[in-house]
Protein chains: 2
Amino acid sequence: MNQRQTVAERGGAGRPGKNGDGAERHEEIHRSISDAIIEHRLRPGARLREDALAEVFGISRTGIRKILQRLALEQLVTLTPRRGASVTRPTADEAKDVFDARQMVECGLMPEVARRITEEDLRELRDMARRERQALKSGEQSTAIRLSADFHARLARISGNATLADFVERLCSRSSLILAVYGNPGHLGCESHDHDDLIGHLEAGNGERAQAFMGRHLKAIEASLSIVEEAAEAPDLHRIFSD
Amino acid sequence: MNQRQTVAERGGAGRPGKNGDGAERHEEIHRSISDAIIEHRLRPGARLREDALAEVFGISRTGIRKILQRLALEQLVTLTPRRGASVTRPTADEAKDVFDARQMVECGLMPEVARRITEEDLRELRDMARRERQALKSGEQSTAIRLSADFHARLARISGNATLADFVERLCSRSSLILAVYGNPGHLGCESHDHDDLIGHLEAGNGERAQAFMGRHLKAIEASLSIVEEAAEAPDLHRIFSD
DNA sequence: GGCCGGCGATATGTATACAATGATCGCGCA
DNA sequence: TGCGCGATCATTGTATACATATCGCCGGCC
(Lines give C-alpha, C1' and ligand atoms only; values in the text may rest on other atoms or scores of the structure.)
Protein backbone atom coordinates (compact mmCIF):
# COMPACT_ATOMS: atom_id res chain seq x y z
CA MET A 1 0.00 0.00 0.00
CA ASN A 2 1.17 3.53 -0.56
CA GLN A 3 2.40 5.71 2.27
CA ARG A 4 1.35 9.19 1.40
CA GLN A 5 0.33 9.94 4.96
CA THR A 6 3.65 8.85 6.35
CA VAL A 7 5.58 10.91 3.91
CA ALA A 8 3.47 13.95 4.61
CA GLU A 9 3.87 13.56 8.34
CA ARG A 10 7.58 13.00 8.24
CA GLY A 11 8.14 15.69 5.70
CA GLY A 12 6.38 18.14 7.95
CA ALA A 13 8.64 17.23 10.84
CA GLY A 14 11.62 18.50 8.89
CA ARG A 15 14.00 15.66 9.53
CA PRO A 16 12.87 12.13 8.87
CA GLY A 17 13.14 9.53 11.58
CA LYS A 18 13.48 11.88 14.51
CA ASN A 19 13.57 10.01 17.77
CA GLY A 20 10.46 11.08 19.67
CA ASP A 21 8.59 11.10 16.42
CA GLY A 22 7.62 7.47 16.26
CA ALA A 23 6.86 7.03 19.92
CA GLU A 24 4.77 10.16 20.12
CA ARG A 25 2.95 9.26 16.95
CA HIS A 26 2.09 5.91 18.49
CA GLU A 27 0.91 7.62 21.63
CA GLU A 28 -1.26 9.87 19.53
CA ILE A 29 -2.79 6.98 17.61
CA HIS A 30 -3.40 5.08 20.81
CA ARG A 31 -5.27 8.02 22.18
CA SER A 32 -7.22 8.45 18.98
CA ILE A 33 -8.53 4.92 19.08
CA SER A 34 -8.99 5.01 22.82
CA ASP A 35 -11.04 8.18 22.60
CA ALA A 36 -13.14 6.80 19.79
CA ILE A 37 -14.00 3.80 21.92
CA ILE A 38 -14.66 5.78 25.07
CA GLU A 39 -16.82 8.23 23.19
CA HIS A 40 -18.86 5.41 21.70
CA ARG A 41 -17.90 6.29 18.18
CA LEU A 42 -16.65 2.74 18.01
CA ARG A 43 -19.31 0.54 19.55
CA PRO A 44 -18.57 -2.67 21.43
CA GLY A 45 -18.20 -5.52 19.01
CA ALA A 46 -16.87 -3.35 16.22
CA ARG A 47 -14.07 -5.07 14.40
CA LEU A 48 -10.71 -3.36 14.15
CA ARG A 49 -8.84 -4.68 11.16
CA GLU A 50 -5.12 -4.12 11.19
CA ASP A 51 -4.87 -3.25 7.52
CA ALA A 52 -7.61 -0.65 7.76
CA LEU A 53 -6.13 1.02 10.81
CA ALA A 54 -2.66 0.93 9.29
CA GLU A 55 -3.93 2.71 6.21
CA VAL A 56 -5.93 5.28 8.15
CA PHE A 57 -3.03 6.30 10.36
CA GLY A 58 -0.36 5.92 7.72
CA ILE A 59 1.87 3.49 9.55
CA SER A 60 2.52 -0.18 8.96
CA ARG A 61 0.72 -3.03 10.65
CA THR A 62 3.63 -3.50 13.02
CA GLY A 63 2.88 -0.29 14.85
CA ILE A 64 -0.85 -0.94 14.81
CA ARG A 65 -0.36 -4.34 16.38
CA LYS A 66 1.64 -2.80 19.18
CA ILE A 67 -1.14 -0.36 19.88
CA LEU A 68 -3.84 -3.00 19.69
CA GLN A 69 -1.98 -5.11 22.19
CA ARG A 70 -1.77 -2.23 24.57
CA LEU A 71 -5.47 -1.55 24.18
CA ALA A 72 -6.11 -5.23 24.81
CA LEU A 73 -4.18 -5.10 28.06
CA GLU A 74 -6.29 -2.11 29.05
CA GLN A 75 -9.27 -4.29 28.19
CA LEU A 76 -10.72 -1.82 25.74
CA VAL A 77 -10.31 -4.21 22.84
CA THR A 78 -10.47 -7.97 22.74
CA LEU A 79 -7.85 -9.88 20.78
CA THR A 80 -9.19 -13.17 19.51
CA PRO A 81 -6.44 -15.40 18.16
CA ARG A 82 -6.59 -15.66 14.39
CA ARG A 83 -9.75 -13.58 14.41
CA GLY A 84 -8.31 -10.18 15.04
CA ALA A 85 -9.28 -7.30 17.28
CA SER A 86 -12.66 -5.91 18.20
CA VAL A 87 -13.98 -3.45 20.72
CA THR A 88 -14.58 -5.29 23.97
CA ARG A 89 -18.15 -6.13 24.85
CA PRO A 90 -18.17 -6.27 28.64
CA THR A 91 -20.14 -9.03 30.27
CA ALA A 92 -22.55 -8.43 33.10
CA ASP A 93 -20.05 -9.96 35.52
CA GLU A 94 -17.33 -7.63 34.37
CA ALA A 95 -19.65 -4.68 34.75
CA LYS A 96 -20.35 -5.63 38.34
CA ASP A 97 -16.67 -6.14 39.06
CA VAL A 98 -15.75 -2.80 37.59
CA PHE A 99 -18.31 -0.89 39.60
CA ASP A 100 -17.47 -2.75 42.79
CA ALA A 101 -13.84 -1.86 42.21
CA ARG A 102 -14.69 1.77 41.61
CA GLN A 103 -16.79 1.79 44.75
CA MET A 104 -13.85 0.54 46.77
CA VAL A 105 -11.08 2.62 45.25
CA GLU A 106 -12.72 5.90 44.34
CA CYS A 107 -14.54 6.15 47.63
CA GLY A 108 -11.47 5.11 49.55
CA LEU A 109 -9.49 7.83 47.86
CA MET A 110 -11.84 10.68 48.75
CA PRO A 111 -10.48 11.47 52.22
CA GLU A 112 -6.95 11.82 50.90
CA VAL A 113 -8.20 13.85 47.96
CA ALA A 114 -10.07 16.21 50.29
CA ARG A 115 -6.88 16.62 52.29
CA ARG A 116 -4.65 17.41 49.32
CA ILE A 117 -6.91 19.32 46.96
CA THR A 118 -5.73 22.80 45.99
CA GLU A 119 -7.45 25.87 44.66
CA GLU A 120 -5.96 25.12 41.27
CA ASP A 121 -7.46 21.63 41.34
CA LEU A 122 -10.85 22.98 42.33
CA ARG A 123 -10.80 25.48 39.50
CA GLU A 124 -9.93 22.80 36.99
CA LEU A 125 -12.56 20.39 38.27
CA ARG A 126 -15.23 23.07 38.17
CA ASP A 127 -14.28 23.82 34.61
CA MET A 128 -14.55 20.17 33.64
CA ALA A 129 -17.94 19.87 35.33
CA ARG A 130 -19.12 22.99 33.57
CA ARG A 131 -18.02 21.74 30.18
CA GLU A 132 -19.67 18.41 30.87
CA ARG A 133 -22.99 20.05 31.75
CA GLN A 134 -22.73 22.16 28.66
CA ALA A 135 -22.04 19.15 26.46
CA LEU A 136 -24.98 17.32 27.96
CA LYS A 137 -27.26 20.27 27.36
CA SER A 138 -26.27 20.63 23.74
CA GLY A 139 -26.68 16.95 23.09
CA GLU A 140 -23.03 16.11 22.54
CA GLN A 141 -23.16 12.76 24.26
CA SER A 142 -19.71 11.66 23.12
CA THR A 143 -18.04 14.67 24.63
CA ALA A 144 -20.04 14.40 27.84
CA ILE A 145 -19.12 10.78 28.32
CA ARG A 146 -15.44 11.45 27.89
CA LEU A 147 -15.51 14.46 30.16
CA SER A 148 -17.25 12.45 32.82
CA ALA A 149 -14.59 9.76 32.70
CA ASP A 150 -11.88 12.42 32.69
CA PHE A 151 -13.43 14.03 35.74
CA HIS A 152 -13.31 10.87 37.81
CA ALA A 153 -9.77 10.10 36.65
CA ARG A 154 -8.58 13.62 37.38
CA LEU A 155 -10.10 13.42 40.82
CA ALA A 156 -8.28 10.22 41.63
CA ARG A 157 -4.99 11.69 40.53
CA ILE A 158 -5.23 14.40 43.16
CA SER A 159 -4.71 11.72 45.77
CA GLY A 160 -1.06 11.67 44.73
CA ASN A 161 -1.05 7.91 44.30
CA ALA A 162 -0.17 7.34 40.67
CA THR A 163 -0.76 3.61 40.84
CA LEU A 164 -4.30 3.95 42.10
CA ALA A 165 -4.97 6.86 39.78
CA ASP A 166 -3.95 4.79 36.77
CA PHE A 167 -6.20 2.02 37.96
CA VAL A 168 -9.15 4.37 38.33
CA GLU A 169 -8.48 5.78 34.89
CA ARG A 170 -8.73 2.35 33.37
CA LEU A 171 -11.84 1.54 35.37
CA CYS A 172 -13.45 4.70 34.04
CA SER A 173 -12.58 3.78 30.46
CA ARG A 174 -14.15 0.39 30.96
CA SER A 175 -17.16 2.00 32.58
CA SER A 176 -17.67 3.95 29.41
CA LEU A 177 -17.80 0.70 27.50
CA ILE A 178 -20.25 -0.69 30.00
CA LEU A 179 -22.48 2.33 29.53
CA ALA A 180 -22.38 1.75 25.79
CA VAL A 181 -23.69 -1.77 26.22
CA TYR A 182 -25.99 -1.57 29.21
CA GLY A 183 -26.82 2.11 29.46
CA ASN A 184 -30.24 3.45 28.62
CA PRO A 185 -30.15 5.91 25.75
CA GLY A 186 -30.89 9.44 26.78
CA HIS A 187 -30.05 8.72 30.37
CA LEU A 188 -26.37 9.38 30.77
CA GLY A 189 -24.45 7.91 33.66
CA CYS A 190 -23.53 10.91 35.73
CA GLU A 191 -26.31 13.24 36.70
CA SER A 192 -25.36 16.71 35.66
CA HIS A 193 -25.26 18.24 39.12
CA ASP A 194 -23.63 15.33 40.94
CA HIS A 195 -20.12 16.35 40.06
CA ASP A 196 -20.71 19.90 41.20
CA ASP A 197 -22.07 18.70 44.52
CA LEU A 198 -19.01 16.51 44.95
CA ILE A 199 -16.73 19.45 44.32
CA GLY A 200 -18.63 21.30 47.03
CA HIS A 201 -17.92 18.65 49.63
CA LEU A 202 -14.25 18.58 48.67
CA GLU A 203 -13.99 22.35 48.80
CA ALA A 204 -15.40 22.23 52.30
CA GLY A 205 -12.64 19.76 53.14
CA ASN A 206 -15.22 17.21 54.19
CA GLY A 207 -13.64 13.97 53.06
CA GLU A 208 -16.14 11.72 54.79
CA ARG A 209 -19.09 13.38 53.17
CA ALA A 210 -17.35 13.32 49.80
CA GLN A 211 -16.70 9.64 50.27
CA ALA A 212 -20.31 8.89 51.07
CA PHE A 213 -21.49 11.03 48.20
CA MET A 214 -19.18 9.32 45.74
CA GLY A 215 -20.57 6.02 46.95
CA ARG A 216 -24.13 7.08 46.23
CA HIS A 217 -23.07 8.62 42.93
CA LEU A 218 -21.53 5.38 41.71
CA LYS A 219 -24.42 3.31 42.99
CA ALA A 220 -26.78 5.59 41.10
CA ILE A 221 -24.89 5.08 37.87
CA GLU A 222 -24.83 1.35 38.35
CA ALA A 223 -28.52 1.30 39.18
CA SER A 224 -29.34 3.20 36.00
CA LEU A 225 -27.94 0.37 33.90
CA SER A 226 -30.22 -2.26 32.54
CA ILE A 227 -28.01 -5.23 32.87
CA VAL A 228 -29.66 -7.96 30.96
CA GLU A 229 -27.21 -10.48 29.67
CA GLU A 230 -28.20 -10.50 26.04
CA ALA A 231 -28.04 -13.93 24.55
CA ALA A 232 -24.37 -14.66 24.67
CA GLU A 233 -22.33 -16.33 22.00
CA ALA A 234 -23.52 -19.91 22.41
CA PRO A 235 -27.02 -19.62 23.81
CA ASP A 236 -27.94 -22.44 26.11
CA LEU A 237 -30.40 -24.21 23.86
CA HIS A 238 -30.95 -26.99 26.37
CA ARG A 239 -32.16 -24.55 28.96
CA ILE A 240 -34.23 -22.56 26.50
CA PHE A 241 -36.09 -25.54 25.10
CA SER A 242 -36.22 -27.65 28.22
CA ASP A 243 -39.92 -27.04 28.79
CA MET B 1 20.15 -17.42 13.62
CA ASN B 2 19.17 -21.06 13.55
CA GLN B 3 15.86 -22.27 14.92
CA ARG B 4 16.58 -25.64 16.38
CA GLN B 5 14.57 -24.90 19.48
CA THR B 6 11.52 -23.90 17.51
CA VAL B 7 11.67 -26.95 15.35
CA ALA B 8 12.06 -29.20 18.35
CA GLU B 9 9.14 -27.60 20.13
CA ARG B 10 6.85 -27.70 17.15
CA GLY B 11 7.89 -31.17 16.22
CA GLY B 12 7.06 -32.36 19.70
CA ALA B 13 3.59 -30.91 19.40
CA GLY B 14 2.79 -33.35 16.65
CA ARG B 15 1.20 -31.02 14.15
CA PRO B 16 3.07 -27.89 13.26
CA GLY B 17 1.33 -24.56 13.45
CA LYS B 18 -1.41 -25.65 15.81
CA ASN B 19 -3.55 -22.74 16.84
CA GLY B 20 -2.93 -22.37 20.56
CA ASP B 21 0.67 -23.29 20.03
CA GLY B 22 2.11 -19.87 19.39
CA ALA B 23 -0.06 -18.09 21.88
CA GLU B 24 0.60 -20.62 24.63
CA ARG B 25 4.29 -20.53 23.91
CA HIS B 26 4.24 -16.78 24.33
CA GLU B 27 2.32 -17.15 27.55
CA GLU B 28 4.91 -19.60 28.75
CA ILE B 29 7.80 -17.29 27.90
CA HIS B 30 6.05 -14.38 29.53
CA ARG B 31 5.70 -16.38 32.69
CA SER B 32 9.31 -17.50 32.51
CA ILE B 33 10.61 -13.97 32.42
CA SER B 34 8.01 -12.76 34.88
CA ASP B 35 8.96 -15.47 37.36
CA ALA B 36 12.65 -14.76 36.95
CA ILE B 37 12.01 -11.14 37.82
CA ILE B 38 9.69 -11.85 40.72
CA GLU B 39 12.09 -14.43 42.11
CA HIS B 40 14.95 -11.93 41.94
CA ARG B 41 16.91 -14.04 39.52
CA LEU B 42 16.83 -10.98 37.34
CA ARG B 43 17.66 -8.01 39.50
CA PRO B 44 16.27 -4.53 38.94
CA GLY B 45 18.35 -2.71 36.39
CA ALA B 46 19.31 -5.86 34.53
CA ARG B 47 19.22 -5.29 30.81
CA LEU B 48 17.06 -7.52 28.66
CA ARG B 49 18.40 -7.58 25.15
CA GLU B 50 15.95 -8.68 22.50
CA ASP B 51 18.45 -10.73 20.54
CA ALA B 52 19.58 -12.63 23.60
CA LEU B 53 16.05 -13.43 24.72
CA ALA B 54 15.06 -14.40 21.19
CA GLU B 55 17.90 -16.87 21.04
CA VAL B 56 17.28 -18.30 24.49
CA PHE B 57 13.62 -19.01 23.83
CA GLY B 58 14.00 -19.95 20.19
CA ILE B 59 11.60 -17.43 18.73
CA SER B 60 12.24 -14.32 16.72
CA ARG B 61 12.55 -10.80 18.09
CA THR B 62 9.00 -10.06 17.03
CA GLY B 63 7.55 -12.33 19.67
CA ILE B 64 10.01 -11.12 22.29
CA ARG B 65 9.05 -7.53 21.68
CA LYS B 66 5.39 -8.37 22.21
CA ILE B 67 6.22 -9.98 25.52
CA LEU B 68 8.48 -7.15 26.61
CA GLN B 69 5.75 -4.66 25.90
CA ARG B 70 3.32 -6.61 27.98
CA LEU B 71 5.83 -6.77 30.82
CA ALA B 72 6.34 -3.03 30.47
CA LEU B 73 2.61 -2.42 30.82
CA GLU B 74 2.69 -4.54 33.95
CA GLN B 75 5.55 -2.31 35.07
CA LEU B 76 7.93 -5.17 35.61
CA VAL B 77 10.30 -3.96 32.91
CA THR B 78 11.06 -0.46 31.75
CA LEU B 79 11.24 0.26 28.04
CA THR B 80 13.54 3.15 27.28
CA PRO B 81 13.22 4.30 23.66
CA ARG B 82 16.25 3.33 21.64
CA ARG B 83 17.87 1.95 24.76
CA GLY B 84 15.97 -1.26 25.11
CA ALA B 85 14.40 -3.06 28.03
CA SER B 86 15.58 -3.50 31.58
CA VAL B 87 14.08 -4.77 34.79
CA THR B 88 12.26 -1.91 36.45
CA ARG B 89 13.92 -0.27 39.41
CA PRO B 90 11.04 1.08 41.49
CA THR B 91 11.44 4.51 43.03
CA ALA B 92 10.67 5.22 46.65
CA ASP B 93 7.49 7.02 45.60
CA GLU B 94 6.32 4.04 43.62
CA ALA B 95 7.01 1.79 46.55
CA LYS B 96 4.86 3.92 48.79
CA ASP B 97 2.07 4.05 46.20
CA VAL B 98 2.11 0.31 45.74
CA PHE B 99 1.87 -0.43 49.44
CA ASP B 100 -0.82 2.19 49.98
CA ALA B 101 -2.77 0.61 47.15
CA ARG B 102 -2.35 -2.84 48.62
CA GLN B 103 -3.45 -1.52 51.98
CA MET B 104 -6.65 -0.19 50.47
CA VAL B 105 -7.52 -3.04 48.15
CA GLU B 106 -6.33 -6.14 49.94
CA CYS B 107 -7.75 -5.04 53.26
CA GLY B 108 -10.98 -3.95 51.65
CA LEU B 109 -11.34 -7.34 50.05
CA MET B 110 -11.00 -9.36 53.25
CA PRO B 111 -14.64 -9.20 54.40
CA GLU B 112 -15.86 -10.50 51.06
CA VAL B 113 -13.15 -13.14 51.04
CA ALA B 114 -14.14 -14.30 54.51
CA ARG B 115 -17.72 -14.56 53.31
CA ARG B 116 -16.94 -16.57 50.18
CA ILE B 117 -14.04 -18.76 51.22
CA THR B 118 -14.59 -22.51 50.89
CA GLU B 119 -12.97 -25.54 52.44
CA GLU B 120 -11.18 -26.15 49.17
CA ASP B 121 -9.76 -22.63 49.25
CA LEU B 122 -8.61 -23.04 52.82
CA ARG B 123 -6.87 -26.27 52.01
CA GLU B 124 -5.07 -24.71 49.08
CA LEU B 125 -4.03 -21.64 51.04
CA ARG B 126 -2.72 -23.75 53.88
CA ASP B 127 -0.69 -25.74 51.42
CA MET B 128 0.79 -22.61 49.93
CA ALA B 129 1.63 -21.23 53.37
CA ARG B 130 3.23 -24.52 54.29
CA ARG B 131 5.35 -24.61 51.17
CA GLU B 132 6.37 -21.02 51.77
CA ARG B 133 7.48 -21.75 55.32
CA GLN B 134 9.38 -24.76 54.08
CA ALA B 135 11.12 -22.76 51.37
CA LEU B 136 12.08 -20.11 53.89
CA LYS B 137 13.49 -22.68 56.23
CA SER B 138 15.59 -24.35 53.58
CA GLY B 139 16.93 -21.04 52.36
CA GLU B 140 15.19 -21.01 48.98
CA GLN B 141 14.51 -17.31 48.98
CA SER B 142 13.41 -17.19 45.35
CA THR B 143 10.73 -19.77 45.86
CA ALA B 144 9.57 -18.19 49.09
CA ILE B 145 9.18 -14.79 47.50
CA ARG B 146 7.12 -16.13 44.65
CA LEU B 147 4.95 -18.22 46.93
CA SER B 148 4.31 -15.21 49.10
CA ALA B 149 3.16 -13.16 46.12
CA ASP B 150 1.08 -16.08 44.90
CA PHE B 151 -0.55 -16.37 48.30
CA HIS B 152 -1.72 -12.78 48.34
CA ALA B 153 -2.92 -12.98 44.74
CA ARG B 154 -4.76 -16.22 45.35
CA LEU B 155 -6.43 -14.72 48.38
CA ALA B 156 -7.68 -11.73 46.41
CA ARG B 157 -9.12 -13.98 43.75
CA ILE B 158 -11.40 -15.64 46.24
CA SER B 159 -13.32 -12.39 46.45
CA GLY B 160 -14.78 -13.25 43.06
CA ASN B 161 -13.86 -9.86 41.63
CA ALA B 162 -11.53 -10.62 38.75
CA THR B 163 -10.71 -6.99 38.11
CA LEU B 164 -9.52 -6.35 41.63
CA ALA B 165 -7.79 -9.70 41.78
CA ASP B 166 -5.79 -8.88 38.66
CA PHE B 167 -4.86 -5.56 40.17
CA VAL B 168 -3.69 -7.18 43.38
CA GLU B 169 -1.69 -9.70 41.41
CA ARG B 170 0.18 -6.94 39.67
CA LEU B 171 0.70 -5.07 42.89
CA CYS B 172 2.23 -8.17 44.40
CA SER B 173 4.58 -8.59 41.46
CA ARG B 174 5.71 -5.02 41.84
CA SER B 175 6.08 -5.53 45.57
CA SER B 176 8.52 -8.28 44.82
CA LEU B 177 10.57 -5.83 42.81
CA ILE B 178 10.40 -3.35 45.64
CA LEU B 179 11.66 -5.98 48.05
CA ALA B 180 14.57 -6.65 45.72
CA VAL B 181 15.61 -3.01 45.84
CA TYR B 182 14.72 -1.87 49.33
CA GLY B 183 14.45 -5.10 51.29
CA ASN B 184 17.02 -6.09 53.84
CA PRO B 185 18.77 -9.31 52.99
CA GLY B 186 17.87 -12.17 55.24
CA HIS B 187 14.71 -10.50 56.36
CA LEU B 188 12.01 -11.55 53.97
CA GLY B 189 8.83 -9.54 53.68
CA CYS B 190 6.21 -11.85 55.04
CA GLU B 191 6.85 -13.28 58.45
CA SER B 192 6.52 -17.00 58.27
CA HIS B 193 3.54 -17.35 60.58
CA ASP B 194 1.58 -14.33 59.42
CA HIS B 195 -0.09 -16.13 56.55
CA ASP B 196 -1.13 -19.00 58.78
CA ASP B 197 -2.65 -16.60 61.28
CA LEU B 198 -4.53 -14.88 58.48
CA ILE B 199 -5.94 -18.19 57.32
CA GLY B 200 -7.11 -18.76 60.87
CA HIS B 201 -9.14 -15.57 60.94
CA LEU B 202 -10.67 -16.39 57.57
CA GLU B 203 -11.52 -19.91 58.63
CA ALA B 204 -13.32 -18.45 61.63
CA GLY B 205 -15.29 -16.31 59.19
CA ASN B 206 -14.09 -13.19 60.94
CA GLY B 207 -13.71 -10.76 58.06
CA GLU B 208 -13.13 -7.72 60.25
CA ARG B 209 -10.30 -9.32 62.11
CA ALA B 210 -8.79 -10.63 58.89
CA GLN B 211 -8.98 -7.13 57.48
CA ALA B 212 -7.22 -5.62 60.47
CA PHE B 213 -4.63 -8.35 60.46
CA MET B 214 -3.91 -7.89 56.77
CA GLY B 215 -3.45 -4.19 57.45
CA ARG B 216 -0.86 -4.86 60.13
CA HIS B 217 0.76 -7.51 57.96
CA LEU B 218 1.26 -5.12 55.07
CA LYS B 219 2.39 -2.32 57.35
CA ALA B 220 4.95 -4.67 58.82
CA ILE B 221 6.33 -5.53 55.42
CA GLU B 222 6.51 -1.89 54.45
CA ALA B 223 8.18 -0.99 57.72
CA SER B 224 10.83 -3.65 57.17
CA LEU B 225 12.01 -1.88 54.04
CA SER B 226 14.89 0.52 54.17
CA ILE B 227 13.75 3.07 51.70
CA VAL B 228 16.68 5.27 50.96
CA GLU B 229 16.53 6.85 47.56
CA GLU B 230 19.91 5.95 46.20
CA ALA B 231 21.46 8.66 44.07
CA ALA B 232 19.26 8.74 41.05
CA GLU B 233 20.33 8.83 37.44
CA ALA B 234 21.31 12.48 36.93
CA PRO B 235 22.52 13.56 40.34
CA ASP B 236 21.66 17.15 41.10
CA LEU B 237 25.12 18.63 40.88
CA HIS B 238 23.88 22.09 41.77
CA ARG B 239 22.38 20.90 45.02
CA ILE B 240 25.32 18.69 45.87
CA PHE B 241 27.95 21.35 45.39
CA SER B 242 25.96 24.35 46.53
CA ASP B 243 27.77 24.65 49.86
C1' DG C 1 47.27 16.29 29.80
C1' DG C 2 42.48 16.69 29.28
C1' DC C 3 38.54 17.47 26.42
C1' DC C 4 35.95 17.51 22.22
C1' DG C 5 34.62 15.43 17.95
C1' DG C 6 34.35 11.79 14.69
C1' DC C 7 33.83 6.85 13.78
C1' DG C 8 32.62 2.14 14.24
C1' DA C 9 29.87 -1.26 16.55
C1' DT C 10 25.67 -2.61 18.54
C1' DA C 11 20.93 -2.73 19.34
C1' DT C 12 16.46 -1.08 18.47
C1' DG C 13 12.45 0.70 15.33
C1' DT C 14 10.00 -0.13 11.21
C1' DA C 15 8.36 -2.16 7.13
C1' DT C 16 7.65 -5.94 4.29
C1' DA C 17 7.39 -10.69 2.69
C1' DC C 18 5.78 -15.19 3.53
C1' DA C 19 3.09 -18.81 5.84
C1' DA C 20 -0.85 -20.60 8.03
C1' DT C 21 -5.54 -20.47 9.48
C1' DG C 22 -10.35 -19.53 9.67
C1' DA C 23 -14.34 -17.72 6.98
C1' DT C 24 -17.09 -17.42 2.89
C1' DC C 25 -19.09 -18.80 -1.16
C1' DG C 26 -20.22 -21.92 -4.79
C1' DC C 27 -20.96 -26.52 -6.46
C1' DG C 28 -22.40 -31.18 -6.50
C1' DC C 29 -25.15 -34.71 -4.57
C1' DA C 30 -28.88 -36.83 -2.17
C1' DT D 1 -34.32 -27.99 -2.78
C1' DG D 2 -31.45 -28.38 1.22
C1' DC D 3 -27.17 -29.87 3.01
C1' DG D 4 -22.44 -31.16 3.05
C1' DC D 5 -17.99 -30.40 1.15
C1' DG D 6 -14.21 -28.19 -1.10
C1' DA D 7 -11.73 -24.24 -3.00
C1' DT D 8 -10.69 -19.51 -2.71
C1' DC D 9 -9.99 -15.43 -0.18
C1' DA D 10 -9.24 -12.42 3.40
C1' DT D 11 -6.76 -11.64 7.59
C1' DT D 12 -3.66 -12.50 11.10
C1' DG D 13 0.97 -14.60 12.94
C1' DT D 14 5.88 -14.81 12.33
C1' DA D 15 10.39 -14.00 10.65
C1' DT D 16 13.66 -11.30 8.45
C1' DA D 17 15.89 -7.37 6.19
C1' DC D 18 16.98 -2.66 6.31
C1' DA D 19 17.27 2.00 8.27
C1' DT D 20 18.54 4.73 12.23
C1' DA D 21 19.92 6.29 16.68
C1' DT D 22 22.95 5.66 20.65
C1' DC D 23 27.21 4.21 23.07
C1' DG D 24 32.05 3.58 23.61
C1' DC D 25 36.58 4.39 21.85
C1' DC D 26 40.29 6.64 19.81
C1' DG D 27 42.78 10.30 17.78
C1' DG D 28 43.58 15.06 17.26
C1' DC D 29 43.50 19.57 19.08
C1' DC D 30 43.69 23.11 22.48
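Below, chains carry the letters A, B, ... as their sequence lines are ordered, and counting in each starts from 1. Values reported hereafter were calculated over all heavy atoms of this structure, with side chains retained and with hydrogens, waters and symmetry mates removed.
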Could you tell me how far apart A:Ile59 (CD1) and C:dG13 (C1') are, to the nearest whole angstrom? 12 Å
5'-most contact on DNA chain C (nearest-nucleotide basis), B:Leu48 vs A:Gly63, goes to B:Leu48
Report yes if a side-chain nitrogen or oxygen of A:Lys66 is closer than 4.0 Å to either non-bridging phosphate oxygen (OP1 or OP2) of C:dT14; otherwise report no. yes
Round to a whole Å and report the spacing from CG of B:Asp51 to P of D:dA17. 13 Å
Whole-Å gap separating P (D:dT14) and CZ (A:Arg65): 7 Å
Of B:Gln69, B:Arg65, B:Arg70, the one forming a side chain to side chain contact (heavy atoms under 4.5 Å, CB included) with A:Gln69 is B:Gln69
Rounded to the nearest Å, what distance is computed from the CZ atom of residue B:Arg82 to the P atom of nucleotide C:dA11? 15 Å
Heavy-atom nearest nucleotide on DNA chain D for A:Ala85 versus A:Thr62: which residue maps closer to 5'? A:Ala85
Select from B:Gly84 and A:Ser60 the residue whose nearest nucleotide in DNA chain C is closer to the 5' end of that strand. B:Gly84
Pair B:Thr78-B:Ser86, side-chain donor/acceptor within less than 3.5 Å: no
State plainly whether the residues A:Glu222 and A:Lys96 are in salt-bridge range, i.e. N to O under 4.0 Å. no
Between P of D:dA10 and CZ of A:Arg83, the distance in whole Å: 16 Å
Interatomic distance, A:Glu55 CD vs C:dA15 C1' [rounded to whole Å]: 16 Å
d(CD1, B:Ile64; P, D:dT16) in whole Å: 13 Å
Looking only at side-chain N and O atoms, does A:Arg49 come under 4.0 Å of OP1 or OP2 in D:dA10? no
Assess the side chains of A:Ser175 and A:Arg102: does a donor N or O sit below 3.5 Å from an acceptor N or O? yes
Please state how far atom CZ in A:Arg61 lies from atom P in D:dG13, giving the value in whole angstrom units. 8 Å
